[in-house]
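Each chain gets a letter, A, B and so on, in the order its sequence line appears, and its residues count up from 1.
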Amino acid sequence: MNITRQWSGKQQRAREILIRLKRLYPDATCTLTYETPVQLLVATILSAQCTDERVNKVTPELFRRYPDASRLADAPLEELEALVRSTGFYRHKAKNIKGACQMIVQDFGGNVPQRMEELLKLPGVARKTANVVLAHGFGINMGVTVDTHVKRLSDRLGLTEHQDPIRVERDLMRLLPQPDWENWSIRLIYHGRAVCQAKKPDCGNCQLADLCEFNQARV
DNA sequence: ATCCCGAGGG
DNA sequence: CCCTCTGGAT
């Protein structure tokens with residue numbers, strides 16, 4: 001059994017999957033609403049364990065009252081908590097938004113840093129959030145965004161053996177050309193929401209079924 | 001491994 | 001009731 005040949009097979013499968021996903025979701029983009037990189041960062045922090053649709057219900061009022069990093073940094077914590085409450089984890093999220101914006105003002109001149117290493121210093125920001133901000137805010141592909149959908153679908157498709165999001169990301173970075181890293185994530189998220197849902201994957205209507213280990217095992 | 005946490009679906 | 005939603009810190 002040749003390991004290299006197996007890996008190469010995965011690489012080809014990943015590319016074919018992406019071709020189909022691009023055909024299926026040609027206009028897939030980030031579904032968070034924001035005007036600036038700071039607002040994208042805040043919206044992405046809020047999106048943890050929460051639908052984008054719900055995030056988009058609280059951010060208009062949040063950004064109307066506190067439109068930039070400076071205002072968010074000075075906002076009363078209780079106000080922020082009340083505004084983001086319905087997204088869940090609201091104490092953590094409010095504290096992290098305020099803390100991240102304080103650091104942006106004090107250490108980065110009021111602008112969201114464009115380097116992975118610096119983004120990871122912000123409270124409440126790890127690789128998933130940093131990848132989203134870099135890709136959609138600045139057009140920089142430093143990694144593959146691995147959220148709950150990307151992790152679940154990559155696992156079901158048989159493209160990673162790992163559960164740790166960092167290792168899943170490393171596997172995907174090896175399987176895909178860098179310019180497609182965010183194309184992969186955004187379309188797996190669409191497909192995860194529409195077809196390959198956590199509790200009821202609709203394999204009968206899935207355009208990827210013939211390329212999917214999960215479906216093959218089911219049949 | 002565990003905790004944080006609300007809202008919606010089944 | 002249980003599970004899930006573009007996770008991160010302890």
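- Heavy-atom contacts from other residues, nucleotides or ligands closer than 6.0 Å to CD of Q197(A) number more than 12.
- Between the side chains of H191(A) and Q207(A), no donor-acceptor pair is found at a separation under 3.5 Å.
- Within residues 116-139 of chain A, no residue has a heavy atom under 4.0 Å from DNA chain B.
- Closest non-hydrogen pair, V58(A) versus S86(A), comes out as CG1-OG, 3.3 Å.
- Taking a 4.0 Å limit (strictly below) on heavy-atom distances, residues 81-108 of chain A reaches DNA chain B at R85(A), S86(A), G88(A), F89(A), Y90(A), R91(A), H92(A).
- Between P123(A) and I45(A) the shortest heavy-atom distance is O-CD1, 4.5 Å.
- In this entry the distance linking CZ of R193(A) with P of dT4(C) reads 17 Å, nearest Å.
- One finds a side-chain N or O of R54(A) lying less than 4.0 angstrom from the OP1 or OP2 phosphate oxygen of dG8(B).
- Distance CD1 (I166(A)) to C1' (dG8(C)): 11 Å, rounded to an integer number of Å.
- Using a 4.0 Å cut-off between charged nitrogen and carboxylate oxygen, R65(A) and E61(A) count as a salt-bridge pair.
- One can place NZ of K199(A) at 10 Å from C1' of dC1(C), the figure rounded to the nearest angstrom.
- For R167(A) and dG7(C), the CZ to P distance is 21 Å, given to the nearest whole Å.
- The gap from the P atom of dT10(C) to that of dC5(B) amounts to 14 Å, rounded to the nearest Å.
- Within residues 15-47 of chain A, no residue is approached by DNA chain B to less than 4.0 Å at the level of any non-hydrogen atom.
- When side chains are defined from C-beta on, L188(A) counts as touching V150(A), because their heavy atoms get closer than 4.5 Å.
- Rounded to an integer number of Å, the gap from CZ of R152(A) to C1' of dG7(C) is 15 Å.
- Under the 4.5 Å side-chain criterion, counting only non-hydrogen atoms from C-beta, R156(A) is in contact with P201(A).
- Few gaps surround CD on E16(A); more than 12 heavy atoms of other groups in view lie less than 6.0 Å from it.
- A cation-pi geometry, defined here as NZ or CZ lying under 6.0 Å from the six-membered ring centre and within 45° of its normal, holds between R85(A) and Y90(A).
- With Y190(A) as the aromatic partner, R193(A) meets the cation-pi criteria of under 6.0 angstrom to the ring centre and within 45 degrees of the ring axis.
- Using a 4.0 Å cut-off between a side-chain N of Lys or Arg and a carboxylate O of Asp or Glu, R187(A) and D180(A) do not qualify as a salt bridge.
- Rounded to an integer number of Å, the gap from CD of Q49(A) to P of dC3(C) is 14 Å.
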